[in-house]
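Both backbone and side-chain heavy atoms feed into the values below; hydrogens, waters and symmetry mates do not. If you're wondering where the values come from, they're calculated on a predicted model, not measured in any experiment.
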Amino acid sequence: MNSETETGGRAAHRCTIRSCRILYVDNDPIVLVHARALLTSTPEGRTAYLDADFRDPETILESDQLRETLDLSQPIAVSLIAIVHFIVDDTVVKDLIDRIMRPLPAGSILALSTCTADSAPEEVRVGVAAYNANGIPLVARGQAGVERFFHGLELLDPGVVLVNHWHPDEQAAAVDDAHVHVYGGIARKP
């Protein structure tokens, strides 16, 4: 768990719970600068930043930052929020997920979200085309395709759904599905 406070338009993450350990992984040099300034630890918790690419899970898993920050004898939560839609090949995504989850202990969690056109096909098609036209690979996936990323894991209730349906509060429940273009799901390693 972590708490967030807003600083200069960027979230400052402060680990404040005794068991809290966060390793933030990104390969964007701008994010690295912000991470160095904003990711802080307290005596009760630990945060670290790793300049690495999700497409190279072994570098992440073998890094000093991971070993110094996380206790690999305990379940780990892997958060792939709004990242896998930038990898257009489903086979590559599934392989990367398997490689990052395989060495983690039972009880580890995968939280994943990715773009979908199921709720607004034409609007999302235009957006995806714009990304691709500008050299940024992006793909929108259907629900069944996203569910396959969780194969071998225990998908938690309510499964892969539009994110406004994942245990919604009153405000999220009121959002029209046509305005939500992201599927999300959480699964546990058996």
Side-chain angles (χ1 to χ4, degrees), residues 4 6-13 22-39 49-61 63 65 77-101 109-153 155 158-166 168 171-187:
E4 299 179 15
E6 197 66 28
T7 306
R10 291 286 206 176
H13 299 277
I22 299 169
L23 176 64
Y24 185 84
V25 179
D26 206 315
N27 65 346
D28 183 328
I30 301 295
V31 173
L32 176 59
V33 170
H34 286 284
R36 286 185 178 140
L38 300 175
L39 289 176
Y49 177 88
L50 175 61
D51 184 12
D53 192 320
F54 168 63
R55 293 170 291 191
D56 184 8
E58 287 72 27
T59 294
I60 297 167
L61 292 165
S63 71
Q65 291 92 330
V78 175
S79 177
L80 300 177
I81 305 303
I83 187 170
V84 300
H85 49 239
F86 294 111
I87 304 170
V88 298
D89 186 325
D90 288 2
T91 304
V92 170
V93 172
K94 181 59 178 141
D95 177 63
L96 291 169
I97 290 170
D98 289 347
R99 287 163 53 199
I100 204 87
M101 295 300 291
I109 296 288
L110 171 65
L112 182 145
S113 72
T114 190
C115 178
T116 185
D118 288 356
S119 55
E122 184 56 24
E123 182 179 346
V124 173
R125 184 194 65 74
V126 169
V128 168
Y131 269 86
N132 285 294
N134 286 293
I136 303 170
L138 182 73
V139 64
R141 294 182 167 93
Q143 186 176 25
V146 178
E147 288 171 346
R148 283 191 287 278
F149 295 148
F150 293 101
H151 181 76
L153 303 171
L155 199 55
V160 172
V161 294
L162 291 174
V163 293
N164 59 314
H165 292 283
W166 214 94
Q171 186 177 8
V175 172
D176 183 346
D177 288 353
H179 300 294
V180 180
H181 315 304
V182 177
Y183 277 129
I186 296 179

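The backbone N or O of Arg55 sits less than 3.5 Å from a side-chain atom of Asp53, completing a donor-acceptor pair. Using a distance-only test at 3.5 Å, with no hydrogens or angles considered, a donor-acceptor pair links the side chain of His85 to the main chain of Cys115. When atom types are taken as modelled, the side chain of Asp95 and the backbone of Thr91 share no donor-acceptor pair closer than 3.5 angstrom. Distance alone, capped at 3.5 Å, is enough to place a donor-acceptor pair between the Gln143 side chain and the Val160 backbone.
Side-chain contact annotation: Asp51 with Asn27, donor-acceptor N/O pair under 3.5 Å absent. Of the N and O atoms on the side chains of Asn164 and His179, not one donor lies less than 3.5 Å from an acceptor on the other residue.
Partner of Ser113 under the side chain to side chain contact (heavy atoms under 4.5 Å, CB included) criterion, out of Val146, Val182, Ile186: Val182 alone. For the side chain to side chain contact (heavy atoms under 4.5 Å, CB included) test with Val180, the passing option among Thr116, Val161, Val175, Asp118 is Val175; the others fail. Each of Leu153, Ile81, Ile97 was checked for a side chain to side chain contact (heavy atoms under 4.5 Å, CB included) with Leu112, and the lone residue meeting it is Ile97.
A pairwise comparison of heavy atoms in Val124 and Ala140 identifies CG1-CB, 3.8 Å as the closest pair. Here the closest non-hydrogen pair linking Asp28 and Asp26 is N-OD1, 3.1 Å.
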Could you check Val25 against Phe54 for side-chain contact (heavy atoms from CB on, under 4.5 Å), going step by step and ending with a plain yes or no?
-> CA-CA 8 Å; Val25 179; Phe54 168 63; over 6 Å; no
Step-by-step side-chain hydrogen bond (donor to acceptor under 3.5 Å, both in side chains) determination, Asp177 to His165 = CA-CA 9 Å; Asp177 288 353; His165 292 283; 2.7 Å; yes
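Using a 4.0 Å cut-off between charged side-chain N and carboxylate O, Lys94 and Asp90 make no salt bridge.
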